[in-house]
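Report on the structure given below.
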Amino acid sequence: MNILVSGGAGYIGSVTVKQLLDEGHSVTVVDNLVKGRRELVDSRADFCEVDILDVKALDDVFSSSSFDAVVHFAAHKDAGESMVDVPKYSENIVGTINILNMMVKYDVGKMVFSSSAAVYGNPKYVPIDEEHPTEPINYYGMTKLVCEQKMEWYSKVHGIVCVSLRYFNVAGDKLGYIDPNASNVIPKILEVATGVRDKLLIFGDDYDTVDGTGVRDYIDVRDLAQAHILALKLDSSDQINLGTSEGTSVKELMDVMEELCGNSINHEVVGRREGDPASLTASYDKAYKVLGWKPVYGIKDMLDSMHKAYCQK
Ligand SMILES: NC(=O)c1ccc[n+]([C@@H]2O[C@H](COP(=O)([O-])OP(=O)(O)OC[C@H]3O[C@@H](n4cnc5c(N)ncnc54)[C@H](O)[C@@H]3O)[C@@H](O)[C@H]2O)c1
């Protein structure tokens with residue numbers, strides 16, 4: 001297939017671009033490099049430094065080739081920031097509508113969209129399946145939900161097949177990617193392990209979990225990329241969770257890291273953060289049923305691959 005990948009110079013996009021090329025697809029990347037890095041884009045792909053908010057530039061890209069599908073990653077992704085800068089995060093919605101409008105204009109029939117576990121909000125039960133209510137608790141999650149809703153209408157009215165993949169916590173490395181501004185727990189553990197950060201703050205160790213610390217569902221970026229390739233084969237629109245159904249606590253992450261790097265992870269337990277659920281895991285039953293997808297890599301693979309990238313920095 002001839003595929004346009006928005007945000008293909010970013011963390012997940014660059015790994016997906018490589019896997020698409022390895023499987024024989026043609027790829028054009030559009031990315032404004034606000035977060036992405038040009039050198040992460042595989043040299044076999046065409047690259048256009050374009051902002052998806054720039055309708056004229058986007059039109060030029062769509063008119064330059066006959067695309068079969070779009071894989072749409074480009075977005076801002078910091079849930080905390082979305083609660084202090086709503087206009088910035090509204091760009092997630094505007095950019096998605098711009099792409100959908102181009103797809104109508106140039107008759108591109110398929111979109112795979114990066115959605116998020118953030119569409120669900122606080123879990124009413126775990127593991128979360130796709131029937132779980134969607135009640136985002138941050139504006140970032142709301143932008144993803146609104147995009148999904150827009151896509152439903154483009155699907156109904158224009159017949160575009162739109163598959164929303166709702167990712168849980170993405171981890172692991174394939175291309176030496178390091179986000180210097182990452183605010184989640186795994187990069188912080190790696191920074192402590194490699195001496196960049198003094199200690200890890202653990203927000204609460206009195207949750208009703210295996211060891212009192214928060215439990216999350218981590219999915220390897222290579223497994224995630226593979227799910228996009230499978231989703232391109234679907235002929236009807238859908239929303240699908242991507243997780244492993246398995247949770248890992250903060251202490252368990254630290255234990256694995258200590259085993260891998262041979263040092264203890266300096267840490268301090270502080271109070272719970274408001275709004276943090278004890279446990280957040282995803283059912284991947286639907287992904288298995290609809291896509292034939294299941295995760296291959298475990299938490300040790302993810303931490304090991306990231307540790308190598310951090311050590312080579
Ligand atoms: N990383 C995660 O844990 C996670 C979890 C759930 C969902 N997601 C979603 O997955 C997608 C990819 O995430 P990522 O972790 O690879 O993030 P990333 O920041 O590494 O990649 C996003 C890419 O989009 C580009 N971009 C942003 N705005 C753009 C614009 N207006 N025009 C063109 N390019 C633009 C950036 O330069 C970057 O290369 C995002 O939509 C994100 O919301 C990520």
Side-chain angles (χ1 to χ4, degrees), residues 5-8 10-13 16 31-32 34-36 52-53 70-101 103 110-124 127-156 160-171 179 182-184 216-219 221 224-225 227-228 231 234 237-243 275-277 280-284 286-287 290-291:
V5 180
S6 79
Y11 172 44
I12 305 166
T16 307
D31 198 302
N32 63 359
V34 67
K35 279 290 294 291
I52 60 169
L53 301 177
V70 176
V71 183
H72 176 34
F73 294 105
H76 306 297
K77 64 168 182 180
D78 184 332
E81 188 187 39
S82 77
M83 296 301 279
V84 294
D85 194 347
V86 165
K88 177 173 176 181
Y89 278 76
S90 293
E91 292 174 6
N92 287 357
I93 302 170
V94 176
T96 301
I97 292 174
N98 287 347
I99 288 183
L100 286 164
N101 287 344
M103 292 176 71
K110 210 167 265 192
M111 152 99 90
V112 179
F113 171 66
S114 295
S115 188
S116 166
V119 299
Y120 293 116
N122 284 325
K124 301 201 184 320
I128 289 179
D129 58 23
E130 292 78 359
E131 306 308 314
H132 188 284
T134 47
E135 294 167 3
I137 54 166
N138 50 59
Y139 186 64
Y140 165 72
M142 178 55 81
T143 68
K144 294 292 182 185
L145 188 59
V146 168
C147 289
E148 287 193 8
Q149 290 164 348
K150 301 282 178 211
M151 285 187 285
E152 270 176 43
W153 283 99
Y154 279 79
S155 188
K156 261 184 219 162
I160 299 174
V161 174
C162 296
V163 182
S164 294
L165 300 178
R166 296 172 173 169
Y167 320 155
F168 280 63
N169 295 66
V170 189
D179 182 351
S183 55
N184 26 8
R216 297 291 179 271
D217 188 338
Y218 298 95
I219 171 171
V221 66
L224 195 71
H228 291 74
L234 294 190
S237 298
D238 220 331
Q239 296 85 32
I240 302 171
N241 286 347
L242 291 176
D276 269 355
L280 194 58
T281 55
S283 160
Y284 73 86
K286 186 170 179 184
V290 177
L291 301 175

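Numbers here are sequence positions counted from 1.
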Discussion item. Which heavy atom of Ile160 sits nearest to which heavy atom of Ser237, and what is that distance?
Written reply: O-OG, 3.6 Å

Worksheet item: So His228 and Phe73, would you call those rings parallel, tilted or perpendicular, with 30° and 60° as cut-offs?
Response: tilted

Discussion item. Side chains of Met103 and Val70, heavy atoms from C-beta outward: is any pair under 4.5 Å?
Written reply: yes

Item to complete: Search all heavy atoms of Gly141 against all heavy atoms of Asn138 and return the closest pair with its distance.
Response: N-OD1, 2.8 Å

Item to complete: Verify side chain to side chain contact (heavy atoms under 4.5 Å, CB included) between Ser6 and Ile99, making sure each step is shown before the conclusion.
Response: CA-CA 9 Å; Ser6 79; Ile99 288 183; 4.0 Å; yes

Item to complete: Could you tell me whether a side-chain N or O of Lys144 sits under 3.5 Å from a main-chain N or O of Asn92, the two making a donor and an acceptor?
Response: no

Worksheet entry | Leu100 side chain near Met111 side chain, heavy-atom distance below 4.5 Å | yes

Practice prompt. Output, in order, the C-alpha distance, side-chain angles, deciding distance and verdict of side chain to side chain contact (heavy atoms under 4.5 Å, CB included) for Val112 and Thr16.
Written response: CA-CA 12 Å; Val112 179; Thr16 307; over 6 Å; no

Worksheet entry | Reported CG-to-CG distance for the pair Asn184 and Asn169, which is rounded to 0.5 angstrom | 7.0 Å

Worksheet item: Would Glu81 and Tyr140 count as a side chain to side chain donor-acceptor pair (under 3.5 Å) if you check the C-alpha gap in whole Å, the side-chain angles of each, and the deciding distance to 0.1 Å?
Response: CA-CA 8 Å; Glu81 188 187 39; Tyr140 165 72; over 6 Å; no

Fill in: Tyr154 vs Ile97 side-chain heavy atoms within contact, under 4.5 Å
yes

Practice prompt. Would you please test Tyr284 and Ile219 for side chain to side chain contact (heavy atoms under 4.5 Å, CB included) and show each step?
Written response: CA-CA 11 Å; Tyr284 73 86; Ile219 171 171; over 6 Å; no

Worksheet entry | Sidechain-backbone polar pair: Tyr89 side chain, Asp78 backbone, donor-acceptor under 3.5 Å | yes

Fill in: For Ser82 against Ala79, the heavy-atom pair lying closest together
OG-O, 2.6 Å

Worksheet entry | Check: Asn101 main-chain N/O paired with Asn98 side-chain donor or acceptor under 3.5 Å | no

Worksheet item: Any donor and acceptor pair, going by atom type alone, linking the side chain of Lys35 with main-chain N or O of Ala74 inside 3.5 Å?
Response: no

Worksheet item: So among Arg166, Gln239, Glu148, which one has a side-chain hydrogen bond (donor to acceptor under 3.5 Å, both in side chains) with Ser115?
Response: Glu148

Item to complete: Working to the nearest 0.5 Å, report the span between CG of Asp129 and CD1 of Ile240.
Response: 13.5 Å

Discussion item. For Tyr120 and Asn241, which I'm curious about, is there any donor-acceptor pair between the side chains at under 3.5 Å?
Written reply: yes

Worksheet entry | Spacing of Thr281 atom OG1 and Arg216 atom CZ [to the nearest 0.5 Å] | 10.0 Å

Discussion item. For the NZ atom of Lys156 and the CE atom of Met151, what is their distance to the nearest 0.5 Å?
Written reply: 13.5 Å

Worksheet item: What is the distance from atom CG of Leu291 to atom CG of Leu242, rounded to the nearest 0.5 Å?
Response: 7.0 Å

Discussion item. For a 4.5 angstrom cut-off between non-hydrogen side-chain atoms, does Val290 reach Glu130?
Written reply: no

Worksheet item: Would you say the side-chain atoms of Ser155 pair up with the backbone N or O of Cys162, donor to acceptor, closer than 3.5 Å?
Response: no

Discussion item. Does any part of the side chain of His76, heavy atoms only, come nearer than 4.5 Å to the side chain of Ser90, both counted from C-beta?
Written reply: no

Practice prompt. Could you tell me which non-hydrogen atom of Leu165 sits nearest to which non-hydrogen atom of Ala231, and how far apart they are?
Written response: CD1-CB, 4.3 Å

Discussion item. Can you list everything that forms a ring pair (Phe, Tyr, Trp, His ring centres under 6.0 Å) with His72? Sequence neighbours excluded, please.
Written reply: Phe113

Response to the item:
Between the CG atom in Leu53 and the CG atom in Asn32, the distance rounded to the nearest 0.5 Å is 7.5 Å

